[in-house]
Amino acid sequence: MDEHNEILAALVGQPNSGKSTVFNYLTGLHQTVANYPGVTVVKKSGHYHDGKRHIEVVDLPGTYSLTSYSQEERVTRDFLLLERPEVVVIVIDASNLRRHLYFVFQLLELQIPLVICLNMMDIAHRRGFSIDIAELEKVLGVPVIPANGRTGEGLEELRRQINIISAKHDHESPVTWKVNYGALEPLIEEFDKILSQKEPLVQDFPTRWLAVKLLENDREARRIIQHHTHDKDWEPLLESCVKKVEDYEKQSGDSPRKTIASSRNTLAETIEKQTVQRTFVPHRNSDTLDLILCHPFLGLISVAAVMFITFQLAFNLADGWTWFPWINEAGVFEWNTPLGVVDSIFSIWIPALLDSCFHLPEGDLHSLIYDGVIAGIGGVLTFVPTIFFIFLFISILEQSGYIARVVVVLDRLMRFFGLHGQSILPMILGGGIVGGCALPAVMATRSMREQRERILTIMVVPLMNCGAKVPVFALLISAFFLEYQGLILAAIILISWTIALIVASVLGKLFIGGEPSPLVIELPTYQVPGLRDMLFTAGLQSWWFVKKAGTIILAVNVFLWVLMYYPRPADPNTDAATQLANSYAAQMGRVFEPASQYAGFDWRDNVALIGGFAAKEVIVSTMATMYGIETENENDEEDNENSTNETEIENDINGIGSVDKPEEENILKEPVDVQGKGLTMELEEIKTDNLDIQGKRLAIRLRAEAGWTPLKAFVFILFVMIYNPCLATCAVIWRETGHIKYMLMTMAYTNGLAFLVAVMVYQLALFLTGHL
Amino acid sequence: MIANIDSPTPEIAFRSEKVDYLCHFSEGQSGTIVDLILEPELQGRLMGMGLFTGTRFRVLQGGNASKTKPSSRPILLAIGNTRIAIGHSIASKILVEK
């Protein structure tokens, strides 16, 4: 392909300007997400074709200005200066022209080929604004395209302009545009003259822009000058600049930075008056709505209600309500959950298909393909329905403008622990009310602009009680705390939140550093979210998860399969429990036993916990294998040894003593001590959904085991609550933060803290009860 | 005007009795921004949001005129068509005129 057919276009704009919607329209599904090197700022890029031309579009982070103080600003400015895109599209809010012009001027001063996308024209019209586009183009000297990103109106014209500008850029210089900075002009001209004599600086950067930046005391501008001049003659230049800035401040009583900002604002005001007419001023209903949604008390109730509804809808649509049409393994039409469908594909359909095509004999290869690869891919894809629906609802909350209101309401509370008002959403999605998923919750932090708080939130989200931990809790509550189910569940929620908030506070102070960002947030206009954009965002997030995190998760699943499958026993008839007892995983379990015994865990518990590294769902099934529940079905003689004891316990657990009903219906039917509506629902789930028959048998077996006591069960719950996030979440933490160190830090502190808490609680309880 | 940026409550020689910190404004009150006594990053961000010296605003919510026990709630400002929420720590460093 010809070099000139490869076009690099950058998309810039202030937050809430509708930049992402424009980006989605331009690039469609051809998008990738990564991190800029060395920072946690997300880099979104995509491409489209225009005839023979391949246009690469980079969606730069939303910023309010082009100073160099925040990561986003530095990333944006460095990209524009160093990558030299052929076209820069600035997306601005037509209903807020003056404010956005302030940003436009900063880009014009960079002398880059610019196109203005005047977005949200529909809102501007609704607010009574009439904009003279031709006059605006004339004044600014660059193309201005009126558009509505949500409907796509004007965006084809934007594509056409990108093509025109990029073609011009091959042989024409972009427009030179100046803001008059009044009293500072002599100084700017003086520095501009000096800088324009410096090679190779003059070839790479607009010297007037650098002169203005020097007067603004911009660190990056000073660095550019130091790095792009041949000798040390930058030293007297910078010294002279400092002195002249001081002199100016003494004379005028104000800093050059304020003078520069004020000049830009005045010019923006002038251009607005020249190009915008307001025909009417409509009543603003959003202010009335904000009185409720941002109110300290009513706002909290709204947040709780919205979060609860969002959470319920997302998880029920993914794996609660059977609404998805499906043909089951018997060839009969049924309604299933999307997650059930994925599970059915990987646990039934694909193995059946492989069986019928290849007839693989039982053995290593069979187990690798069925238990390692297919189960691994299935494990990855079962997250997809949840991710899709969670992001669908997050997209609704973001596009509607509600997320900013949540930040305002919760900021004071969350800030106390070093977090951000927006941290609440990922924490609830991660299982703040028991039963979420940490993986999409970590991904949901993308909308947080403050990097410090974002990293802290990512690191504490795994402490919430995701849906995969619930079967473990259900198992142990059923076995040991049947009479106190509500109390224990409430304690689990309370303890996990307490630990998460304390950990956030400690990590923020000791490891992440920096001060919590003060609250400054724009409350965007309320809007009805666009269906196309919502579905698009949810679909893309799901795809990125499969493409990026999925590969890592699959590899780790296969590795864990190796640990639990090898070495193979000499006797092929060896049962699963014996095989697992001799596996590498079991050997690791025994290695940890000298330490874990202080928390009351033996090697079998350790093996289950090691399995939980892959996914917490594995803990119960591994324990079932370790405690011989699978063998029990096959070996009645062995079963009989404990049968009397277990029947008594089973009756005890059932509370009704009946053996006539099927076991699934009998077990755990004791009336629930209702603590509140939320808890009742959770308890209902625990009783009916979260323990399968194997889990119920295991609950009975654990209660009969000598080593298992209510104390050990409680400590085990605490350990599972805190210890290592599942490896899928680890992979996403790495990808989202752009640094392996945050993943390692999360793994280190969760495991360390889990062990510490477990040992302390276990030993303290033994001491207090006189058993130590 | 003498301002010490590092101090939580900058020592300001007020030009008139009308000048006060934004955190002392109450709901419904309007004013003009006199000065942003903030570190450059925050100054830059606020200016990008449209808060300049001379900008007119109205407090929509969260204000509290009490100087002895000011509210620590975020303050919601209306600046033209823009709505901005500002934390109390920043509002206590923005000088405004009634």
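Lettering follows sequence order; numbering is per chain, from 1.
The residue among G253(A), C294(A), S95(A) with the most heavy atom pairs within less than 4.5 Å of chain B is C294(A). In terms of heavy-atom pairs under 4.5 Å with chain A, the best-connected choice from T82(B), L46(B), I84(B), T55(B) is T82(B). Taking chain B as the reference chain and counting heavy-atom pairs below 4.5 Å, the highest number among A261(A), S255(A), S65(A) is found for A261(A). By number of non-hydrogen pairs under 4.5 angstrom with chain B, the leading residue of Q106(A), R127(A), R98(A) is R127(A). Taking chain B as the reference chain and counting heavy-atom pairs below 4.5 Å, the highest number among P296(A), A268(A), S262(A), S286(A) is found for P296(A). Counting heavy-atom pairs closer than 4.5 Å to chain B, the top residue among D93(A), V408(A), D287(A) is D287(A).
If you measure heavy-atom distances from L42(B) to chain A, the contacts under 4.5 Å come from the side chain alone. L60(B) touches chain A through backbone and side chain together, each having a heavy atom under 4.5 Å away. Contact of E522(A) with chain B is made through backbone and side chain together, with heavy-atom distances under 4.5 Å. Proximity to chain A is absent for every atom of I75(B), based on heavy atoms less than 4.5 angstrom apart. With a 4.5 Å cut-off on non-hydrogen atoms, N96(A) touches chain B through its side chain but not through its backbone.
Within the 6.0 Å centre-distance limit, the rings of Y102(A) and F52(B) are counted as a close aromatic pair.
At a threshold of 4.0 Å, the pair R83(B)-D290(A) does not count as salt-bridged, since none of the basic side-chain nitrogens sits closer than that to a carboxylate oxygen.
Looking at D254(A) and S252(A), their side chains never bring a donor and an acceptor atom within 3.5 Å of each other. For the 3.5 Å distance criterion, the side chains of Q29(B) and S26(B) qualify, holding a donor opposite an acceptor. Side-chain contact annotation: S30(B) with R58(B), donor-acceptor N/O pair under 3.5 Å absent. With hydrogens and angles left out, the side-chain atoms of Y64(A) and R99(A) include no donor and acceptor closer than 3.5 Å.
Relative to the ring axis of Y526(A), R405(A) places its NZ or CZ within 45° and under 6.0 Å from the centre.
When atom types are taken as modelled, the side chain of R452(A) and the backbone of G418(A) share a donor-acceptor pair closer than 3.5 angstrom.
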